[in-house]
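What follows is a short report on a single structure.
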Amino acid sequence: MSARPKPANFYRAKGYGAEDSVGYLMRRVVSGIAHGVDKKLESVGLTNAQWAPLLKLHLGHAATVAELARACLVDAGAMTRMLDRLEAKGLVRRVRSTADRRVVNIELTAEGARAAKQIPAVLCEVQNAHLAGISRDEWLALKSTLQRMLDNAHALQDAAH
């Protein structure tokens, strides 16, 4: 097992400005992307929060409420409420498992599958717009840096448990 890297020392309490922090800047970028996706998916009748479960179902990454909640990083109660809204829109349906009656699988309806097929193109368009003027090397470095930050966050979580 490799040793965890020593924490960086980039920020100091004295003179700290939240608007210059990586966390604040990432939140602003994520918010901008979410807003752009919302705008593009308005015509399909989906909000930023609704496209993720549809896409996860479409790609086969999840099939139950619990799996969708984990895949979308929300709690099961919030996912149940989201699925209620998606079911009311006719985009998903709940189907009790024949193998285990306690399990309820979530499936896309034909309309849900049509909507889900549009999502990847919208995500690509919005993210590419946010990456305007950034070189491929910069993009790869950004992804690598963000992945390392996530790895550090996971290591910190694991150490806390």
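Because the structure is predicted, anything quoted here is derived from the model rather than measured.
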Set of side-chain contact (heavy atoms from CB on, under 4.5 Å) partners for [X], sequence neighbours left out:
{"X": "S97", "value": "A99, D100, V103, N105"}
{"X": "A141", "value": "none"}
{"X": "V22", "value": "Y11, M26, M149"}
{"X": "S43", "value": "none"}

Separation between [atom1] of [X] and [atom2] of [Y], rounded to the nearest 0.5 Å:
{"X": "E111", "Y": "L54", "atom1": "CD", "atom2": "CG", "value": "10.0 Å"}
{"X": "L146", "Y": "L142", "atom1": "CG", "atom2": "CG", "value": "4.5 Å"}
{"X": "R93", "Y": "L83", "atom1": "CZ", "atom2": "CG", "value": "13.5 Å"}

Any heavy-atom pair between the side chains of I106 and T64 that's under 4.5 Å? no

Taking the side chain as C-beta and beyond, is there a heavy-atom pair between N9 and R12 under 4.5 Å? yes

Can you name the salt bridge (charged side-chain N to carboxylate O under 4.0 Å, His left out) partners of [X], sequence neighbours left out?
{"X": "R27", "answer": "none"}
{"X": "D151", "answer": "none"}
{"X": "E87", "answer": "R94"}
{"X": "R136", "answer": "none"}

Compile the donor-acceptor pairs under 3.5 Å between side chains in residues 14-21 and protein atoms, sequence neighbours left out, one pair per line.
{"unit_1": "S21", "atom_1": "OG", "unit_2": "A18", "atom_2": "O", "d": "2.9"}
{"unit_1": "S21", "atom_1": "OG", "unit_2": "Y24", "atom_2": "N", "d": "3.0"}

Check the pair V65, V104 against side chain to side chain contact (heavy atoms under 4.5 Å, CB included), reporting the backbone distance first and the verdict last. CA-CA 8 Å; V65 174; V104 177; 5.9 Å; no

For E67 and A63, indicate whether the former's side chain and the latter's backbone hold a donor-acceptor pair under 3.5 Å. yes

Closest non-hydrogen atom pair between [X] and [Y], with its separation:
{"X": "A34", "Y": "N48", "value": "CB-ND2, 3.3 Å"}
{"X": "A62", "Y": "L57", "value": "O-CD2, 3.4 Å"}
{"X": "A49", "Y": "M82", "value": "CB-CE, 3.6 Å"}
{"X": "T109", "Y": "G90", "value": "OG1-O, 2.5 Å"}
{"X": "Q50", "Y": "L46", "value": "OE1-CA, 3.5 Å"}
{"X": "A116", "Y": "L55", "value": "O-CD1, 4.3 Å"}

Under the side-chain hydrogen bond (donor to acceptor under 3.5 Å, both in side chains) test, residues paired with S144 that sit two or more places apart: none

Is the number of heavy atoms from other residues, nucleotides or ligands within 6.0 Å of NE2 (H130) greater than 12? yes

R96, CZ atom: more than 12 neighbouring heavy atoms under 6.0 Å: yes

Can you list, pair by pair, the side-chain donor-acceptor contacts under 3.5 Å of residues 69-81, counting residues two or more places apart and other chains?
{"unit_1": "D75", "atom_1": "OD1", "unit_2": "G77", "atom_2": "N", "d": "2.9"}
{"unit_1": "D75", "atom_1": "OD1", "unit_2": "A78", "atom_2": "N", "d": "2.8"}
{"unit_1": "T80", "atom_1": "OG1", "unit_2": "A76", "atom_2": "O", "d": "2.9"}
{"unit_1": "R81", "atom_1": "NH1", "unit_2": "G77", "atom_2": "O", "d": "3.2"}

In terms of hydrophobic clustering (I, L, V, M, F, W, Y; side-chain heavy atoms under 4.5 Å; direct or indirect links), are L25 and W139 co-clustered? no

List the atom pairs, with distances to 0.1 Å, where a side-chain N or O of residues 117-128 and a protein N or O form a donor-acceptor pair under 3.5 Å, not counting sequence neighbours.
{"unit_1": "E125", "atom_1": "OE2", "unit_2": "K40", "atom_2": "NZ", "d": "2.7"}
{"unit_1": "Q127", "atom_1": "NE2", "unit_2": "L123", "atom_2": "O", "d": "3.3"}
{"unit_1": "N128", "atom_1": "ND2", "unit_2": "C124", "atom_2": "O", "d": "3.1"}

